[in-house]
Amino acid sequence: MTDTAAPIRPLALVSALHQELAALLARGREADFERQRHAGRDFLVGRLHGVPVVLVLCGVGKVAAATTATLLAERFGVGALVFTGVAGGLGEGVKVGDVVLADTLLQHDMDASPLFPRFEVPLTGRSRFPADVALTQALARACEEVLAQPQPFGAAAEALGVSRPALHRGLIISGDRFVGAAAECAALRQALPDALAVEMEGAALAQACHDLGLPFAVLRTVSDRADDSAHVDFMRFIDEVASRASAAIVDGWLSVR
């Protein structure tokens, strides 16, 4: 009788935007990745730093996130998932260029009241879904190392007003609407005073991963303050800051696995 080692399950690296996916792919060689197309998505199967990975562009919104997570678990058998993207800052002291790691996630547009409490996902008994503690902590260490460097996101970031970016951990909220008005931002702060950032995918992905038993983490770079004061050139920010930030952090994390 001989012992056979269990196959290593790949890691899923999920990006919200093309630029972030390209920045991750640039850390390896595109020729080393096999492209598989399912459900309108191109899944890139290969290795980064010798670690088996599946890279994919998620798409925007909660349904896109849940579909992507399900495909990664059921079709590719991934062992863990890391989602990167941008978010609007909500919490006190969360500024443009900062990084937010989710400890928990909640859907701010979930409301089945009076049948269920506001924000609670019906029939689950919960409104907040926790990210994997070990995975989030490992990414936090990688993030702190990146942020400790001078000009961690490059000189172009400073031209966009990004100075001394910081790491925040806590609640990220998600909904199928872009939050860009001061009144809506204030209403969210009043209802969820511990929310650090708002975006459009993470909490749905968290619910899907919870159902699938899949460890996950959500990493967001703050692109604006989610209110009328937002003034950053969004696409330039994605190209010159957010894509570099997520790629550097994920690269640092993978290099020590």
Side-chain angles (χ1 to χ4, degrees), residues 14 16-17 58-69 83-131 136 160-162 165-210 216-235 237-238 241-242 245-246:
V14 183
L17 297 166
C58 172
V60 177
K62 295 194 299 181
V63 172
T67 299
T68 303
F83 185 88
T84 66
V86 295
L90 280 178
E92 186 71 26
V94 178
K95 61 186 187 300
V96 172
D98 284 358
V99 177
V100 180
L101 266 172
D103 287 323
T104 56
L105 298 104
L106 171 149
Q107 297 176 56
H108 67 77
D109 58 353
M110 177 65 70
D111 189 355
S113 60
L115 300 179
F116 298 89
R118 185 184 181 192
F119 305 130
E120 183 176 301
V121 178
L123 307 181
T124 67
R126 66 169 66 210
S127 59
R128 302 185 182 214
F129 290 82
T136 301
L160 287 169
V162 175
L167 170 65
H168 307 267
R169 290 181 60 175
L171 174 65
I172 292 179
I173 61 175
S174 312
D176 275 325
R177 59 181 293 119
F178 180 80
V179 177
E184 187 172 8
C185 188
L188 288 173
R189 285 200 195 98
Q190 183 174 11
L192 298 161
D194 58 333
L196 295 175
V198 59
E199 35 90 309
M200 298 179 66
E201 296 87 24
L205 181 140
Q207 182 182 344
C209 287
H210 175 268
F216 74 93
V218 175
L219 171 73
R220 292 290 194 173
T221 307
V222 176
S223 60
D224 58 80
R225 278 294 301 174
D227 58 24
D228 296 326
S229 67
H231 62 278
V232 170
D233 181 330
F234 182 76
M235 295 314 299
F237 183 89
I238 297 300
V241 180
S246 57

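Nothing here was measured: the structure is a model prediction, and the numbers come from that model.
Atom CD of residue Glu201 and atom CD1 of residue Ile172 lie 11.0 Å apart, to the nearest 0.5 angstrom. His168 contributes atom NE2, which lies 10.5 Å from atom CD of Glu92 (distance to the nearest 0.5 angstrom). Atom-to-atom distance recorded for Asp224:CG and Phe178:CZ is 5.0 Å, nearest 0.5 angstrom. Leu106 CG to Arg118 CZ: the interatomic distance, rounded to the nearest 0.5 Å, is 9.5 Å. Taking OG of Ser127 as the start and CD of Gln207 as the end, the distance is 11.0 Å to the nearest 0.5 Å.
Nearest heavy-atom pair across Pro122 and Met110 is CD-SD, 3.8 Å. Contact detail for Val86 and Ala242: the closest heavy-atom pair is CG1-CB, 3.5 Å. Between Arg169 and Asp103, the closest heavy-atom pair is NH2-OD1, 3.1 Å. Heavy atoms only, all atoms of each residue included: Ala197 and Ala87 are closest at CB-CB, 3.9 Å. Contact record, Val222 with Gly89: CG1-N, 3.6 Å, taken as the closest heavy-atom pair. Closest heavy-atom contact between Phe129 and Phe216: O-CZ, 4.5 Å.
Around the CZ atom of Arg177, the shell of radius 6.0 Å holds no more than 12 heavy atoms that belong to other residues, nucleotides or ligands.
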Worked verdict on Asp109 versus Lys62 for side-chain contact (heavy atoms from CB on, under 4.5 Å): CA-CA 11 Å; Asp109 58 353; Lys62 295 194 299 181; 2.8 Å; yes
Val218 and Glu199: CA distance, side-chain angles, deciding distance, side-chain contact (heavy atoms from CB on, under 4.5 Å) verdict: CA-CA 11 Å; Val218 175; Glu199 35 90 309; 4.1 Å; yes
Worked check of side-chain contact (heavy atoms from CB on, under 4.5 Å) between Ile173 and Leu90: CA-CA 10 Å; Ile173 61 175; Leu90 280 178; 3.6 Å; yes
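Contact of the Leu123 side chain with the Phe116 side chain is registered, since non-hydrogen atoms from C-beta on lie closer than 4.5 Å. Side-chain atoms of Leu205 and Thr68, non-hydrogen and from C-beta on, never get closer than 4.5 Å to each other. By the 4.5 Å heavy-atom criterion applied to side chains, Thr104 and Leu171 are counted as neighbours. In this structure the side chain of Val99 never reaches within 4.5 angstrom of the side chain of Pro165, judged on heavy atoms. The side-chain heavy atoms of Phe237 and Thr221, taken from C-beta on, include a pair separated by under 4.5 Å. Side-chain atoms of Leu192 and Phe119, non-hydrogen and from C-beta on, do get closer than 4.5 Å to each other.
For the pair Arg128 (side chain) and Leu105 (backbone), a donor-acceptor distance under 3.5 Å is absent. Put simply, the side chain of Asp176 never gets that close to the backbone of Gly61: no donor and acceptor are under 3.5 Å apart.
The closest side-chain donor-acceptor pair between Ser174 and Gln107, if any, does not fall under 3.5 angstrom.
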